[in-house]
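If you read the sequence from its start, that first residue is 1, and numbering goes on from there.
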Amino acid sequence: MMKKNRRTILLSGFLLFAIACATVPITGRKQMNLFPETEMIATSLTQYDAFLKESKLSDNKEQSAMVKACGARISAAVEKFMNDNGMSDRIANFVWEFNLVEDETPNAWCMPGGKVVFYTGILPYTQTETGMAVVMGHEIAHAIARHGNERMSQQMGIQALGTGLSMALNEKPAETQQIWMTAFGVGANVGVMLPFSRSHESEADKMGLIFMAMAGYNPAEAIDFWKRMGESGGQKPPEFLSTHPADATRVKDLQAYLPEAMKYYKK
């Protein structure tokens, strides 16, 4: 009986992996997303609206307009690429939205479905629209690659599969919401997720370079942007304790990948 149960569990696990296994565009990496993307997008609408209600939108019309223009330009290029390469299903339910909020933290993020937020604290580092495109391409890449789904799948695991994400939000709203926010870069996480997160960041860097290049932004600007971020001051944790690659590592990797991204660059 125990052997039969064990075989059933193994078979179920194999079938689950086969069903949930997907391929990340551009990089070709295999990934496992346990949650239906439609459910992820529906949840993102709720979380995004809640975040905006609790935050202050920027009063700077010029900067807000730049965020929206940059986002529209890159998202249009991404949609064309996905449609041209038979991956339109990956963005089928995306409704893009770009907002700038008043917050001194140098941060930005993108939830499933194309819901993007820039913090005013990152603008001194982006400096120009091209610099902004570095961050925009990177954050959009996270959504296209479904990194949030992957992070949620790892952290919540099979225990949430029986009820689904929406049920988990209802039963343990505070706990699940914190996992959600952390998965999409709204919070901070130190622990077992770190190596996984760093791999996502590196993948988003590469995809982001190509996305900004497709939209007509010079991807070489990414090198200068990350150097500025590296010179921002303050004591930073060692790379093994950070969810992002060390600045020097990141710049080195971007420089190595730049020739590939330049193939997509059209002024």
Side-chain angles (χ1 to χ4, degrees), residues 23-29 31 66-82 85 87 90-91 94 96 98 106-119 122-123 125-151 183-186 196-230 242-267:
T23 303
V24 179
I26 296 178
T27 68
R29 180 179 63 86
Q31 64 178 172
M66 184 183 293
V67 169
K68 294 180 185 298
C70 181
R73 187 167 158 183
I74 292 182
S75 61
V78 168
E79 285 187 352
K80 184 178 186 307
F81 173 80
M82 300 296 283
N85 289 274
M87 294 181 285
R90 208 170 180 92
I91 55 171
F94 273 48
W96 300 96
F98 309 94
N107 193 24
W109 41 264
C110 179
M111 287 184 179
K115 303 303 182 183
V116 179
V117 162
F118 266 62
Y119 294 15
I122 204 169
L123 300 185
Y125 303 103
T126 58
Q127 295 185 356
T128 65
E129 187 173 334
T130 302
M132 185 177 287
V134 176
V135 181
M136 187 70 73
H138 175 94
E139 298 306 329
I140 286 178
H142 277 310
I144 297 299
R146 296 180 178 175
H147 287 159
N149 195 326
E150 226 175 331
R151 293 182 187 184
F184 293 99
V186 183
F196 200 58
S197 297
R198 284 202 299 273
S199 68
H200 282 174
E201 291 298 326
S202 296
E203 186 168 60
D205 279 346
K206 294 177 180 179
M207 294 174 66
L209 281 186
I210 289 179
F211 288 163
M212 68 180 294
M214 289 175 180
Y217 294 107
N218 187 352
E221 174 61 26
I223 308 300
D224 292 333
F225 167 78
W226 286 112
K227 284 181 177 179
R228 289 195 294 272
M229 288 291 287
S242 173
T243 56
H244 292 60
D247 297 313
T249 303
R250 179 170 239 150
V251 169
K252 182 180 178 181
D253 290 346
L254 286 170
Q255 288 173 329
Y257 197 73
L258 188 57
E260 178 65 23
M262 291 299 291
K263 297 176 182 178
Y264 296 84
Y265 178 42
K266 298 178 181 179
K267 296 183 180 180

Find out whether Met212 and Thr130 are in side-chain contact, i.e. whether some heavy atom of one side chain is under 4.5 Å from a heavy atom of the other. yes
Do the side chains of Tyr264 and Leu209 get nearer than 4.5 Å, heavy atoms only? no
Taking the side chain as C-beta and beyond, is there a heavy-atom pair between Pro219 and Tyr265 under 4.5 Å? yes
Measure the spacing between CZ of Phe94 and CD1 of Ile144 and express it to the nearest 0.5 Å. 4.5 Å
Are the side chains of Tyr217 and Thr128 in contact, using a 4.5 Å heavy-atom criterion? no
Please walk me through it: do Glu139 and Val117 pass side-chain contact (heavy atoms from CB on, under 4.5 Å)? CA-CA 9 Å; Glu139 298 306 329; Val117 162; over 6 Å; no
Note, Cys70 side chain near Phe98 side chain (heavy atom, < 4.5 Å): no
Arg146: salt bridge (Lys or Arg N to Asp or Glu O under 4.0 Å) partners, not counting sequence neighbours: Glu37
Any non-hydrogen side-chain atom of Met136 less than 4.5 Å from a side-chain atom of Phe211? no
Using 0.5 Å steps for rounding, measure from the CH2 atom of Trp226 to the CG atom of Asp253. 12.0 Å
Over all heavy atoms of both residues, which pair between Ala204 and His142 is shortest? Give the atoms and the distance, please. CB-CE1, 3.5 Å
Donor-acceptor pair, Ser75 side chain versus Ala72 backbone, under 3.5 Å? yes
Starting at CD1 of Ile74, measure out to CD1 of Ile140 and round the result to the nearest 0.5 Å. 5.5 Å
In Å, rounded to the nearest 0.5 Å, how long is the span from NZ of Lys263 to CG of Leu258? 11.5 Å
When rounded to the nearest 0.5 Å, the distance separating SG of Cys110 from CZ of Phe118 is 9.5 Å
Any Val116 side-chain heavy atom under 4.5 Å of Met111 side chain: no
Calculate, to the nearest 0.5 Å, the distance between atoms CG and CD belonging to Asp224 and Gln127 respectively. 9.0 Å
Pair Ile223-Gln255, side-chain contact (heavy atoms from CB on, under 4.5 Å): steps then yes or no: CA-CA 7 Å; Ile223 308 300; Gln255 288 173 329; 3.6 Å; yes
Mind listing the closest non-hydrogen atom pair of Trp109 and Tyr119 along with its distance? NE1-OH, 2.9 Å
Look at Lys206 together with Glu203 and state whether they make a salt bridge at an N to O cut-off of under 4.0 Å. no
Closest approach of Met207 and Pro25, non-hydrogen atoms and distance? CE-O, 3.7 Å
Within the structure provided, determine whether Leu123 and Met132 are in side-chain contact (heavy-atom separation under 4.5 Å). yes
Between Asn218 and Ala220 (side chain of the first, backbone of the second, donor and acceptor by atom type, cut-off under 3.5 Å), is there such a pair? yes
Residues passing the side-chain hydrogen bond (donor to acceptor under 3.5 Å, both in side chains) test with Glu221, sequence neighbours excluded, are Arg228
Contact summary for Arg90 and Ala145, nearest pair of heavy atoms: NH2-O, 3.4 Å
For the pair Val134 and Thr126, evaluate side-chain contact (heavy atoms from CB on, under 4.5 Å) and give the outcome as yes or no after the intermediate values. CA-CA 8 Å; Val134 176; Thr126 58; over 6 Å; no
Run Asp205 and Tyr257 through side-chain contact (heavy atoms from CB on, under 4.5 Å) and show every step you take. CA-CA 9 Å; Asp205 279 346; Tyr257 197 73; over 6 Å; no
Per the side-chain contact (heavy atoms from CB on, under 4.5 Å) rule, which among Thr27, Val78, Ile26 passes with Ile210? Ile26
For the residue pair Glu201 and His147, confirm or rule out a side-chain donor-acceptor distance under 3.5 Å. no
